[in-house]
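For reference, the structure is listed below as structure tokens.
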Amino acid sequence: MPFTFLSKAKPTNNIDNLSSTAMALCSTFCPRIPINFRAKPISSFTSKPLFSLSFKVYSSQATDASSQDKFTGRVGFLGLGIMGSPMAQNLIKAGCDVTVWNRTKSKCDPLISLGAKHGSSPEEVAANCDVTFSMLADPESAIDVACGKNGAVSGMGPGKGYVDVSTVDVATAKLISGHIKATGASFLEAPVSGSKKPAEDGQLIFLTAGDRALYDSVASLLDIMGKSRFYLGEVGNGAAMKLVVNMIMGSMMASFSEGILLSKKVGLDPNVLVEVVSQGAISAPMFSVKGPPMVKSQYPTAFPLKHQQKDLRLALGLAESVSQSTPIAAAANELYKVAKSYGLSDEDFSAVIEALKAKSHNTV
């Protein structure tokens with residue numbers, strides 16, 4: 001069925017608000033599109049078919065933060081990595097009653113010093129909180145924290161809500177949703193568009209789908225952590241939207257890397273290239289922010305390269321499930337895989353340029 005498209009926005013400069021006119025040029029790598037990306041079943045839980053998604057927008061309505069009631073319940077936050085930690089910190093600074101958990105306990109300490117409580121397990125956090133957020137690195141971690149031993153599901157029940165802000169595939173989002181809802185609790189997927197700095201500044205974009213009542217209930221919390229939020233209908237639509245966005249971003253960065261190296265090879269100043277791009281039709285904050293450090297071979301991590309490659313892989317699986325050709329994204333994915341093989345997984349995704357440098361050296 002069609003879904004309702006809702007948004008709330010406030011102005012900012014954000015490297016993740018990519019220009020709609022930007023076009024990703026084809027990589028010099030020949031695409032090698034994997035034959036089968038469909039995930040193997042993770043449990044016996046079944047819900048609706050994997051891809052019963054509808055993307056016809058039939059209405060649009062702006063949502064105003066002032067019209068939303070402030071959330072006064074207890075908030076849980078699971079996963080305190082490069083994104084989760086600043087998100088939870090913003091909630092604490094806003095005066096929310098927050099309980100945190102992370103596999104590595106030491107990552108909880110800075111937040112505890114700010115006033116957060118600590119839960120010994122996802123189950124304990126969920127049991128003691130009215131709504132629980134989770135921000136995990138990949139589908140496997142998201143499933144384990146929600147549904148594994150001492151997972152959040154064990155602490156859920158009627159009247160509680162679970163909001164998964166991790167970037168996962170459609171099947172994973174539906175799997176976790178099914179287990180949460182089976183307890184009588186509500187589920188909302190809310191992956192974010194944004195990286196470290198937007199997370200710190202409360203400038204993330206939330207792509208939500210699932211229980212509409214829970215969306216309305218936590219709207220004020222989303223507004224603390226983000227600059228805009230979209231409600232996209234049924235579970236799976238949020239995951240799909242996030243993967244499409246990150247597929248575009250990863251392909252754009254690969255093409256941008258090619259441009260920087262080509263400008264150097266023909267005797268141009270790549271810094272001038274960055275300036276030219278920033279003033280033209282393909283201008284995007286990502287280019288103006290990432291470009292100067294890339295020219296200096298510096299890649300301060302805002303969005304780890306391994307996560308970008310993971311998202312490209314999941315996006316290719318999404319495309320495969322609906323028989324959509326994505327040769328540019330497939331070529332970009334191969335480039336990120338090469339970069340990972342060079343030990344760049346934990347560098348910023350802009351370090352993908354190093355894979356092209358290596359290829360150039362190998363062909364000279």
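Counting begins at 1 with the first residue of the sequence.
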Report task. To the nearest 0.5 Å, tell me how far M225 CE sits from C96 SG. Result -> 8.5 Å

Query raised in the report: When you measure from the side chain of K264 to the backbone N and O of P270, does any donor-acceptor pair fall under 3.5 Å?
Result: no

Query raised in the report: Judged by atom type as modelled, is there a donor-acceptor pair below 3.5 Å linking the side chain of Y336 to the main-chain atoms of G250?
Result: yes

Query raised in the report: Are any side-chain N or O atoms of S177 and backbone N or O atoms of K174, one a donor and one an acceptor, separated by less than 3.5 Å?
Result: no

Report task. State plainly whether one hydrophobic cluster holds both V168 and V192, where clusters connect Ile, Leu, Val, Met, Phe, Trp and Tyr through side-chain heavy atoms under 4.5 angstrom apart. Result -> no

Requested in this report: Kindly determine whether R103 and V145 satisfy side chain to side chain contact (heavy atoms under 4.5 Å, CB included), including the steps that lead there.
Outcome: CA-CA 10 Å; R103 284 193 178 97; V145 168; 3.8 Å; yes

Requested in this report: Check whether F206 and L188 end up in the same hydrophobic cluster, where Ile, Leu, Val, Met, Phe, Trp and Tyr are linked by side-chain heavy atoms less than 4.5 Å apart.
Outcome: yes

Query raised in the report: Side chain of K310, backbone of P139: donor and acceptor closer than 3.5 Å?
Result: no

Query - Any donor-acceptor N/O pair, Q308 side chain to N246 backbone, under 3.5 Å - result: yes

Report summary line: When every non-hydrogen atom of D97 is compared with those of R74, the smallest separation belongs to OD2-CG, 3.5 Å

**Report entry** Check: M286 and F256 side chains under 4.5 Å, non-hydrogen atoms
**Finding:** no

Report task. Compare all side-chain heavy atoms of L222 with those of T208 and state whether any distance is below 4.5 angstrom. Result -> yes

Requested in this report: Give a yes or no on whether the backbone of G236 and the side-chain of E189 come within a donor-acceptor separation of less than 3.5 Å.
Outcome: yes

Report summary line: Shortest non-hydrogen pair, M135 vs V165, comes out as CE-O, 3.4 Å

Requested in this report: Please step through side chain to side chain contact (heavy atoms under 4.5 Å, CB included) for the pair Q309 and K306, ending with a clear verdict.
Outcome: CA-CA 5 Å; Q309 192 277 317; K306 62 186 177 184; 5.8 Å; no

**Report entry** L243 to D169 - nearest heavy-atom pair and separation
**Finding:** CD1-CA, 4.2 Å

Query raised in the report: Given side chains that start at C-beta, do those of Y342 and E354 come closer than 4.5 Å, heavy atoms only?
Result: no

Query raised in the report: Using 30° and 60° as the class limits, which term best fits the ring planes of Y231 and Y215: parallel, tilted or perpendicular?
Result: tilted

Report task. Please assess I112 against K105 for the test side chain to side chain contact (heavy atoms under 4.5 Å, CB included), listing each intermediate value before the final yes or no. Result -> CA-CA 11 Å; I112 294 172; K105 165 66 165 55; 4.1 Å; yes

Report task. State the CG-CD distance between L316 and E320, to the nearest 0.5 angstrom. Result -> 9.0 Å

Query raised in the report: When clusters are formed by joining ILVMFWY residues with side-chain heavy atoms under 4.5 Å apart, either directly or through shared neighbours, do V352 and L262 land in the same one?
Result: no

**Report entry** G194 versus M83, closest heavy-atom pair with distance
**Finding:** O-CE, 3.3 Å

Query raised in the report: Would a 4.5 Å heavy-atom cut-off, applied to side chains only, mark K196 and P86 as touching?
Result: no

Query raised in the report: What is the distance from atom CG of N90 to atom CG of D223, rounded to the nearest 0.5 Å?
Result: 12.5 Å

Report task. Check whether any side-chain N or O of S255 sits under 3.5 Å from a backbone N or O of M252 as a donor-acceptor pair, and report yes or no. Result -> no

Query - Whether over 12 other heavy atoms sit under 6.0 Å from K197 NZ - result: no

**Report entry** Main-chain N/O of P304 paired to T301 side chain as donor or acceptor, under 3.5 Å
**Finding:** no

Query - Donor-acceptor contact present, side-chain S220 to main-chain F71, <3.5 Å - result: yes

Report task. Would you check if F77 and L111 make a side-chain contact, meaning some heavy-atom pair closer than 4.5 Å? Result -> no

Report summary line: Output for pair (E123 CD, T132 OG1), nearest 0.5 Å, gives 11.5 Å

Query raised in the report: Have K357 and S297 got a donor and an acceptor in their side chains that come within less than 3.5 Å?
Result: yes

Query raised in the report: With a 4.5 Å limit on heavy-atom distance, are the side chains of H307 and T167 in contact?
Result: no

Report task. Spell out, as yes or no, whether a donor-acceptor pair under 3.5 Å connects the side chain of D348 to the backbone of F303. Result -> yes

Query - Same cluster (ILVMFWY, side-chain, under 4.5 Å), I282 and V276 - result: no

Query raised in the report: Quick one: CE on M156 to SG on C147, what's the gap to the nearest 0.5 Å?
Result: 11.0 Å

Query raised in the report: Looking at side-chain heavy atoms only, is the closest gap between I353 and K290 below 4.5 Å?
Result: no

Query raised in the report: CG/L335 to CG/L305 distance, rounded to the nearest 0.5 angstrom?
Result: 9.0 Å

Query raised in the report: What are the two closest heavy atoms between N102 and L80, and how far apart are they?
Result: OD1-N, 2.8 Å

Query raised in the report: How far apart are the C-alpha atoms of S134 and D164, what are their side-chain angles, what is the distance that settles it, and do they pass the side chain to side chain contact (heavy atoms under 4.5 Å, CB included) test?
Result: CA-CA 5 Å; S134 62; D164 194 346; 3.0 Å; yes

Report task. Would you indicate whether the side-chain heavy atoms of S217 and V131 approach each other to under 4.5 Å? Result -> no

Query - Hphob cluster co-occupancy, M294 + L268, side-chain heavy atoms under 4.5 angstrom - result: no

Query - Check against side chain to side chain donor-acceptor pair (under 3.5 Å), S141 and D138 - result: CA-CA 5 Å; S141 297; D138 50 50; 2.9 Å; yes

Requested in this report: Work out which heavy atom in I180 is nearest to a heavy atom in S186; give both atom names and the distance.
Outcome: CG2-O, 3.6 Å

